[in-house]
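One structure below.
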Amino acid sequence: MLVKLWCVFAVLCVLGAATNKSTPLVIWHGMGDTCCFFFSMGHIKKLVEERIPGIYVRSIMIGDNIIADEEHGYFGNVNEQVEGVCKKIAADPELQGGYHAMGFSQGGQFLRAVAERCPEPVMHNLITFGGQHQGIFGLPSCQPDDLFCEEMRRLLSMGAYINWIQDTLVQAQYWHDPLHEEDYRNKSIFLADINNEKVLNEDYRNNLKKLDNFVMVRFLEDRMVVPAESEWFGFYAPGQDIEVIPLQESRLYLEDRLGLKEMDEAGKLHFLSQEGDHLEFTDEWFLEEIVDKFVA
């Protein structure tokens, strides 16, 4: 009898441990970064693992090594990258019960595309840090010694919506020219699609609404993202590049083309702000305001 009771107890303990297992986390880095630099995504991964013992954290790598991973942050087809990440997530046994996601800079809109296009396994919370959700119209932080960045700027100035540039240059695929909205809607192969500005894809809308929380962090002194309001889905009013309108006044929100209005009314949208430049935040803030509230 005691043996049977012990066996039942052991089974219940195992089931309880499985039930209490932390929700895994997927991370996607930004431009000029890689999955695994110890001072960037490696540091983020370590912070989360120390805060939540036993959590599984997967930092996305595009390509076979970190050199290829960094290059793919500038060059390649984003739709193909998102498709590849969806396959990796679907094949990862640790993620089958669902996961949270953190996207840093352009990794934010890339993970939003994953949420919209690949609903299984389910993404629970999406947190974006400085994500360019309405795109960019300027690259002020390129430095002369950053060869990748300078080449990107040169190609964009030639014509972001030329077919071969759209298909090759990552940043062109979320370049949003408010002076030529028709060209943007018709020729943007990535951002205009995931923002439902070409056609209304109900799958995108319905899949995004499945999120439990969509957290957007904006950096108030951001010199990288132009305009910085894009980090909260704000952007220039069509036809000019001076006045910026917030998400709540945009066609995207008023027509609820992505379900953001419905999510906002349900309390699923969280607009957080941080003083400082692009991706500048303290470990303490990250742990207390992000990890403790939306990951743990």
Would you say the rings of [Y] and [X] are close, in the sense that their centroids are separated by under 6.0 Å?
{"X": "Phe129", "Y": "Phe219", "answer": "no"}
{"X": "His270", "Y": "Phe294", "answer": "yes"}
{"X": "Phe286", "Y": "His43", "answer": "no"}
{"X": "Phe104", "Y": "Trp28", "answer": "no"}

Determine the minimum heavy-atom distance between [X] and [Y], stating which atoms define it.
{"X": "Gly76", "Y": "Val170", "result": "O-CG2, 3.8 Å"}
{"X": "Gly267", "Y": "Asn213", "result": "O-OD1, 4.3 Å"}
{"X": "Ile245", "Y": "Ala237", "result": "CG2-CB, 4.2 Å"}
{"X": "Ser105", "Y": "Gly30", "result": "CB-CA, 4.1 Å"}
{"X": "Met41", "Y": "His29", "result": "CG-CB, 3.5 Å"}
{"X": "Ile194", "Y": "Ala113", "result": "CG2-CB, 3.9 Å"}

side-chain contact (heavy atoms from CB on, under 4.5 Å) between Asp256 and Arg205, intermediate numbers included: CA-CA 9 Å; Asp256 210 13; Arg205 189 175 184 275; 3.1 Å; yes

Please check: side-chain N/O of [X] versus main-chain N/O of [Y], any donor-acceptor pairing under 3.5 Å?
{"X": "Tyr236", "Y": "Leu179", "answer": "no"}
{"X": "His100", "Y": "Asn125", "answer": "yes"}
{"X": "Gln166", "Y": "Ala160", "answer": "yes"}
{"X": "Asp167", "Y": "Asn163", "answer": "no"}
{"X": "Glu116", "Y": "Asn195", "answer": "no"}
{"X": "Lys198", "Y": "Ser188", "answer": "yes"}

Any non-hydrogen side-chain atom of [X] less than 4.5 Å from a side-chain atom of [Y]?
{"X": "Asp264", "Y": "Leu247", "value": "no"}
{"X": "Val78", "Y": "Gln109", "value": "no"}
{"X": "Val26", "Y": "Asp92", "value": "no"}
{"X": "Glu280", "Y": "Gln274", "value": "no"}
{"X": "Val225", "Y": "Ile136", "value": "yes"}
{"X": "Met102", "Y": "Val295", "value": "yes"}

Over 12 non-hydrogen atoms of neighbours within 6.0 angstrom of [atom1] in [X]:
{"X": "Phe39", "atom1": "CZ", "value": "yes"}
{"X": "Lys261", "atom1": "NZ", "value": "no"}
{"X": "His278", "atom1": "NE2", "value": "yes"}

Parallel, tilted or perpendicular: ring planes of His176 versus Phe235, cut at 30 and 60 degrees: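 Answer is parallel, since the angle falls under 30°.
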
Parallel, tilted or perpendicular: rings of Trp285 and Phe281 (30°, 60°):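 Tilted, since the angle between the ring planes falls between 30° and 60°.
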
Option from Phe110, Phe233, Tyr253 for which ring pair (Phe, Tyr, Trp, His ring centres under 6.0 Å) with His133 holds: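 Per the ring pair (Phe, Tyr, Trp, His ring centres under 6.0 Å) rule, the option paired with His133 is Phe233, out of Phe110, Phe233, Tyr253.
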
Verdict with supporting geometry, Asp193 and Tyr204, side-chain hydrogen bond (donor to acceptor under 3.5 Å, both in side chains): CA-CA 9 Å; Asp193 178 64; Tyr204 289 179; 2.7 Å; yes

Same apolar cluster (I L V M F W Y, side chains within < 4.5 Å links), Ile127/Leu111: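 Looking at the clustering, Leu111 is in a separate group from Ile127.
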
Stepwise side-chain contact (heavy atoms from CB on, under 4.5 Å) check, Thr128 with Glu231: CA-CA 8 Å; Thr128 65; Glu231 297 168 12; over 6 Å; no

Under 4.0 Å between a side-chain nitrogen and a carboxylate oxygen: does that hold for [X] and [Y]?
{"X": "Asp277", "Y": "Arg223", "answer": "yes"}
{"X": "Glu94", "Y": "Lys21", "answer": "yes"}
{"X": "Arg257", "Y": "Glu197", "answer": "no"}

From CG (Leu269) to CE (Met263), nearest 0.5 Å: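 Nearest 0.5 Å value for the CG-CE distance: 5.0 Å.
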
Stepwise side-chain contact (heavy atoms from CB on, under 4.5 Å) check, Leu279 with Met224: CA-CA 10 Å; Leu279 300 185; Met224 174 68 77; over 6 Å; no

Check against side-chain hydrogen bond (donor to acceptor under 3.5 Å, both in side chains), Glu229 and Gln134: CA-CA 9 Å; Glu229 290 86 350; Gln134 275 284 19; over 6 Å; no

Single hit among Asn201, Leu208, Asn79, Asp203 for side-chain contact (heavy atoms from CB on, under 4.5 Å) with Arg117: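 Of the listed options, the one satisfying the test is Asn79.
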
Derivation of the side-chain contact (heavy atoms from CB on, under 4.5 Å) call for Arg51 and Glu288: CA-CA 10 Å; Arg51 193 69 156 196; Glu288 293 173 5; 4.0 Å; yes

